[in-house]
Structure formats: structure tokens, C-alpha cells
Trainee: 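I'd like to ask some things about the structure below.
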Amino acid sequence: MSTQTTKILVFSHRPEVRETIITAVGRRPAPDLARVDYVEAATIADVLYEADAGTVDLLILDGEAQPTGGMGLSRQLKDEITNCPPVVVAVRRKDDRWLATWSQADAVLVHPLDPLAAAETVAEVLRGSAVPVVKG
């Protein structure tokens, strides 16, 4: 059994949104993947620091975060960071999927989050498969 862990950053200015995402994805999104350690970020500065330092394997960004949403932040990260980790954006409306595409996100989750779909989507991204379709 491997003791290796996967580090996922969850960004939202609202603690309850971060908690919802962490609970939905869980500590082990799939049996073939390592256990997840979460880093919670409430500010863009925290996200930029962690992403720039290369300390996280995946970022899950709240598309509704204030004052800057996860979609704009995703695009900034993808444009500015060489070897940017994969990004998953959580949106409130299925109609916002096109914005997530613009943001260059690797996958999209739609609230309310379905734990099975959220874990599956994150697992697929961690395995290196971009998931352009919305699940959940």
C-alpha cells in the first residue's frame, strides 16, 4: 500500500463551498489513486502562491468566488504558469459550461455536487484525462 498522497487545492472565498467540494470529492476519489490531502485557499494570493510553487497536483476553483471567480483565475493560471496543474471549475449553472471552456479548465463540476460524479471527474483528471463533459 502506497503512502503517497495527492494534494488538491480547493479555492472559494466561502468556507461552506470549500467544505462541500471536499466532502463531495472525498479523501480517495478512486481505489487506484492515492489518498487526497486538501489545501484550502480563501484568497487568490493563496492560490497563486501554491500553484506557482508547484506544491499541488490539482486545483478545484469555485466559479462563483468573489471578488474574482474561479473561471478567470483558471485562465490566468493556465496562461501564466508553465506546467500548470490541472484545474477543475465548480459552477452553479450548467449554462456556465461554455465559460469553463473559455477558462481552459480541464473539467467542470456543477452544483449541487453529486459525490459519485465529483469523485469520478476528479479521478479522471488526476489520471490525466481531460473531462470536457459535465457530470453531476
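Worth saying up front: this structure is predicted, and the values here are computed from it rather than measured.
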Trainee: Would you confirm whether S74, through its side chain, and S103, through its main-chain N or O, come within 3.5 Å as a donor-acceptor pair?
Mentor: yes

Trainee: Would you say Y38's side chain and G26's backbone share a donor-acceptor pair under 3.5 angstrom?
Mentor: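 Yes: the side chain of Y38 pairs with the backbone of G26.
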
Trainee: Please report the closest heavy-atom contact between L77 and A51, naming both atoms and the distance.
Mentor: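 Minimum heavy-atom separation between L77 and A51: CD2-CB, 3.8 Å.
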
Trainee: Can you name the closest pair of heavy atoms from M71 and G63 and give their distance?
Mentor: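 Distance-wise, the nearest heavy atoms are CE-O, 4.0 Å.
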
Trainee: I need the T6 OG1 to L33 CG distance, nearest 0.5 Å.
Mentor: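 One gets 6.5 Å once the value is rounded to the nearest 0.5 Å.
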
Trainee: Does any N or O in the side chain of H13 come within less than 3.5 Å of the main-chain N or O of A42, such that one atom is a donor and the other an acceptor?
Mentor: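 A pair under 3.5 Å: no.
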
Trainee: Taking side chain as C-beta onward, heavy atoms only, is V88 less than 4.5 Å from L59?
Mentor: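 Not touching, per the 4.5 Å side-chain cut-off.
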
Trainee: Answer yes when R127 and D32 have at least one side-chain N-carboxylate O distance shorter than 4.0 Å, and no when they do not.
Mentor: yes

Trainee: Provide the closest heavy-atom pair for V125 versus P86 in the form atom of the first, atom of the second, distance.
Mentor: CG1-CB, 3.3 Å

Trainee: For F11, run the side chain to side chain contact (heavy atoms under 4.5 Å, CB included) check against D46, V17, V47 and tell me which one passes.
Mentor: V47

Trainee: Check step by step if side-chain contact (heavy atoms from CB on, under 4.5 Å) holds for V87 and Q104.
Mentor: CA-CA 8 Å; V87 175; Q104 302 175 27; over 6 Å; no

Trainee: Run the side-chain contact (heavy atoms from CB on, under 4.5 Å) check on L48 and D52 step by step: do they pass?
Mentor: CA-CA 6 Å; L48 295 176; D52 203 33; 5.7 Å; no

Trainee: Under a 4.0 Å N-O cut-off, is there an ion pair linking D106 with K78?
Mentor: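 Result for this pair is yes, salt bridge flagged.
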
Trainee: Identify the two heavy atoms, one from A123 and one from A30, that lie closest to each other, and give their separation to 0.1 Å.
Mentor: CB-CB, 3.8 Å

Trainee: For the atom pair CD (E50) and CD1 (I8), what is the distance rounded to the nearest 0.5 Å?
Mentor: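 It is 13.0 Å, given to the nearest 0.5 Å.
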
Trainee: When you measure from the side chain of R92 to the backbone N and O of E64, does any donor-acceptor pair fall under 3.5 Å?
Mentor: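 No, the answer is negative, given that no donor and acceptor are paired below the 3.5 Å cut-off.
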
Trainee: Indicate yes or no: does R18 engage E40 in a salt bridge with an N to O separation below 4.0 Å.
Mentor: yes

Trainee: If you apply the rule side-chain contact (heavy atoms from CB on, under 4.5 Å), what do you find for L109 with V91, and how did you get there?
Mentor: CA-CA 6 Å; L109 300 173; V91 297; over 6 Å; no

Trainee: Rounded to the nearest 0.5 Å, what's the gap from OG on S12 to CD on E19? Could you check?
Mentor: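 Reported value, rounded in 0.5 Å steps: 11.5 Å.
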
Trainee: So, taking the atom named CZ in R14 and the one named CD1 in I21, what distance separates them when rounded to the nearest 0.5 Å?
Mentor: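 One gets 10.0 Å once the value is rounded to the nearest 0.5 Å.
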
Trainee: Under 3.5 Å, side chain of R75 to main-chain N/O of W102, donor-acceptor pair present?
Mentor: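 Checked: pair present.
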
Trainee: Taking it one step at a time, do I44 and L73 satisfy side-chain contact (heavy atoms from CB on, under 4.5 Å)?
Mentor: CA-CA 8 Å; I44 291 171; L73 183 53; 3.9 Å; yes

Trainee: I need the single residue from V56, L9, L126, T55 that forms a side chain to side chain contact (heavy atoms under 4.5 Å, CB included) with P85. Which is it?
Mentor: V56

Trainee: Count I, L, V, M, F, W, Y as connected when their side-chain heavy atoms are under 4.5 Å apart, and connections chain through other members. Are Y49 and I60 then in the same cluster?
Mentor: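 No, Y49 does not connect to I60 through the hydrophobic network.
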
